[in-house]
Amino acid sequence: MAQAVVAFLKNQFVMRDGFEQRFFAGCSGIFGHGNVSGIGQALQEHKDFRYYQSRNEQAMVHSAVAFAKMKNRLQTLACTTSIGPGATNMITGAAVATVNRLPVLLLPGDIFARRNVAPVLQQLESEHSQDMSVNDCFKPVSRYWDRINRPDQLITALPEAMRVLTSPSETGAVTLALPQDVQTEAYDYPGELFRKRVWKVHRNRPDREALVQATEWIKNSHRPLIIAGGGVLYSEAEELLRSFSERRGIPVCETHAGKGSVLHGDPYNLGAVGVTGTLAANRIAKSADLVIGIGTRYSDFTTASKTLFEHPDVRFININVAEFDAFKHGALPLTGDAKVTMEELNDALSGWTTSHEYQSECKALVEAWSAEVDRIYAIRNKPLPSQGEIIGAVNESGDPDAVMVCAAGSLPGDLHKLWRTRHPKQYHMEYGFSTMGYEIAGGLGVKMAAPERSVYVLVGDGSYLMLSSDLVTAIQEGCDLTIVLFDNDGFKSIGGLSRSLGQEGFGTRYVFPENGILPGDTDEDVRTLPVDLAANAASLGARVIECKNVGDVENALKEAKKKKGTTVIYVRNDRYVDVPGYEAWWDVPPAEVSEMPAVQEARKNWELMRVKEQYHFSRD
């Protein structure tokens, strides 16, 4: 049965716009008693199907997710584990894939289907059912889930798995739980199952009547705004979006997933929007009378917790392959592929543009924001550099053709505002789930998908300590990664959030407790932990360059580019110097009852903002 799985995966292809490619680029795995003699033996036998040895089950799913993102969801990896903790370690990775709508196939081992030797090692027993294992935990974070209790069930399960994996609207994690005894059983499978199959990814078009109405709405608007989400990039519609924006005079702002849809220097590029947005984007968003969402799911960061769009008569048009997202905010839904939908809208709007006054206003805001980024890049904070300066050093001194990878902490917010994107795939941010530990494994996946590009991984000390083990995998695979390790002495992002809530950064700094009590974040007389992250990275086999200032980082980037292999650039930065917020709010409720005056004050401020949250209803 396991041999049949691998033989099937080898012969699955996808095609879009006439371009055909193999869908699975291989399989990552860690073997245990639940898969070593099944999938493990099958991978050993099928040497033409690449196997990647990982160090952590969660990390290998992150690599697969990053690979699929880099490939615009048209190629991915499978991941296999044993039953038990090996399987459940993948659950976070499955959630990352499903939340971000990225295809990944998970093949965890499972308990014996024949049951007679139960309970086996790592079996979760239930007094209510014998048909349950830890793999049932994958159900809420998988787009498709099945347990193969008989070898012949593969014949119907595998095509269903492929249907979901290759669907632009339904894709995410697919989990096929494989009982360890069934994996090794023989079955006379039909040869048709293993013949080459090409899954065509179609570009669906929206309803004609809805398209006519959308055209009317745009022509009647005075201050339209485009929000570009990840769907623009997955549709490979970024060139069309830039042309559409310039021809129609409609400014574009970007979500985390959509950053790169427009590039640094594009005249109508307002930059990031929402909680982590720019002053330019948020100013225009507040006064927009029409919001055109393209491939976005409108997270609370994008909408500033439903406070951003303040125009009393604001309307929404949503272009999305997923009907679920197309209808959000009471929008006029254009359910279809971003590229072909914009092509039809562009033709229908022939000759129409926004007013010269509106275009001039947008361009002035773009120029003002560029000056603000220049200011932050050049702060030269002492004695430790600020995070914004270091981002500037990587952005300006690094390879302009590189890919930057990040995921969690305070870095995503600063990067979303400050990073100047030079090509559509340069900004690789996992912010659908904002997963600590994604960064290094994600960088590995990006490098596997695009070996010709340099890859910069930006990671804070919190994420690094959580999941750095795939540094070893990167070295084993000969991947040239440049990892910029920001040492914040703790959790910088949540430290800042905690202080803003009146809680003094409690529990967010790496210090020893005093008399059993953990000191506050800003207390000066503290004993910091004697952790040497640079030495840790070196012990895993990386080349390490320690830096004290921005100039050192710039020189280290040049040095890393000269040499092959994985380089870690280590730099301490000031955990208290933040990039400002720009007229956007995030709903994080402080405690309603507290003895702490600072928390009481934060609650009062929160209540003033909470009433500004809106419901957006459909408008004819």
Side-chain angles (χ1 to χ4, degrees), residues 233 238 253-266 269-272 276-281 366-381 384-431 439 442-443 446-447 450 453-460 480-486 488 492 545 547 549-561 567-571 573-574 577-580 582:
L233 297 174
E238 55 273 6
C253 57
E254 304 164 300
T255 69
H256 273 288
K259 194 170 174 69
S261 299
V262 286
L263 302 178
H264 173 60
D266 288 350
N269 178 7
L270 300 174
T276 55
T278 71
L279 183 63
V366 169
E367 291 176 6
W369 174 251
S370 182
E372 172 69 352
V373 174
D374 288 340
R375 180 191 71 80
I376 293 170
Y377 278 8
I379 286 175
R380 298 301 180 262
N381 189 65
L384 296 176
S386 68
Q387 188 161 268
E389 295 173 65
I390 301 170
I391 289 171
V394 179
N395 198 191
E396 298 296 310
S397 300
D399 182 353
D401 292 324
V403 179
M404 184 282 301
V405 180
C406 190
S410 58
L411 275 167
D414 291 354
L415 285 162
H416 197 205
K417 297 180 185 115
L418 302 178
W419 190 265
R420 289 167 163 166
T421 313
R422 268 76 178 196
H423 65 82
K425 285 294 183 182
Q426 189 176 45
Y427 184 88
H428 182 110
M429 183 68 65
E430 191 290 289
Y431 213 63
E439 294 89 345
V446 168
K447 190 64 178 180
R453 290 193 185 273
S454 300
V455 176
Y456 297 124
V457 175
L458 273 57
V459 60
D480 298 338
L481 298 183
T482 300
I483 299 167
V484 184
L485 174 53
F486 293 69
N488 304 295
K492 182 178 187 294
I545 304 173
C547 301
N549 53 49
V550 172
D552 288 348
V553 173
E554 292 171 342
N555 291 331
L557 289 165
K558 296 174 185 176
E559 185 68 20
K561 193 174 181 180
T567 299
V568 173
I569 298 173
Y570 170 85
V571 58
N573 64 285
D574 194 323
V577 178
D578 298 316
V579 176
Y582 296 95

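In plain terms, the two heavy atoms of Thr276 and Ala272 that are nearest each other are O-CB, 3.5 Å. Contact between Val455 and Gly443 at its shortest, heavy atoms only, is CG1-O, 3.9 Å. Contact record, Ser454 with Asp399: OG-OD2, 3.1 Å, taken as the closest heavy-atom pair. Scanning all heavy atoms of the two residues, the minimum distance from Arg422 to Asn395 falls at NH1-ND2, 2.9 Å. In terms of heavy-atom proximity, Ile390 sits nearest to Pro385 at CD1-CG, 4.1 Å. When all heavy atoms are compared, the tightest approach of Ala407 to Tyr431 is O-CD1, 3.4 Å.
Arg420 has its side chain within reach of Tyr377: a pair of non-hydrogen atoms, C-beta onward, lies under 4.5 Å apart. Glu430 has its side chain out of reach of Val405: every pair of non-hydrogen atoms, C-beta onward, lies at least 4.5 Å apart. Looking only at side-chain heavy atoms (C-beta outward), Val571 and Asp552 stay at 4.5 Å or farther from each other. Between Arg380 and Val550 the shortest side-chain heavy-atom distance falls below 4.5 Å. A heavy-atom distance below 4.5 Å is found between the side chains of Ile391 and Leu415. Two residues are said to be in side-chain contact when any heavy atoms from C-beta on lie closer than 4.5 Å; Lys561 and Leu557 fail this criterion. Within the 4.5 Å cutoff, the side chain of Val403 has heavy atoms near those of the His423 side chain. The shortest distance between side-chain heavy atoms of Tyr570 and Leu485 falls below 4.5 Å.
Here CD of Glu372 is found 3.5 Å from OH of Tyr582. Values are rounded to the nearest 0.5 Å. Trp419 CH2 to Cys406 SG: the interatomic distance, rounded to the nearest 0.5 Å, is 10.0 Å. Atom CD in Glu396 sits 9.5 Å away from atom CD in Glu554 (nearest 0.5 Å). In this structure, NZ in Lys259 is found 11.0 Å from SG in Cys253, a value given to the nearest 0.5 Å. The structure places CD of Glu439 at 8.0 Å from CG of Leu411, a figure rounded to the nearest 0.5 Å. With rounding to the nearest 0.5 angstrom, the OG1 atom of Thr278 is 9.5 Å from the CD atom of Glu254.
Checked against Lys492 for a side-chain hydrogen bond (donor to acceptor under 3.5 Å, both in side chains), the options Asp574, Asp578, Asn573 give a single hit: Asp578.
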Would you check, one step at a time, whether the test side-chain hydrogen bond (donor to acceptor under 3.5 Å, both in side chains) holds for His256 with Tyr427? CA-CA 8 Å; His256 273 288; Tyr427 184 88; 2.9 Å; yes
Before giving the answer on side-chain contact (heavy atoms from CB on, under 4.5 Å), spell out for Gln387 and Val579 the whole-Å C-alpha distance, their side-chain angles and the decisive distance to 0.1 Å. CA-CA 8 Å; Gln387 188 161 268; Val579 176; over 6 Å; no
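Counting only distance, with no hydrogens or angles, the side chain of Lys417 and the backbone of Pro412 share no donor-acceptor pair below 3.5 Å.
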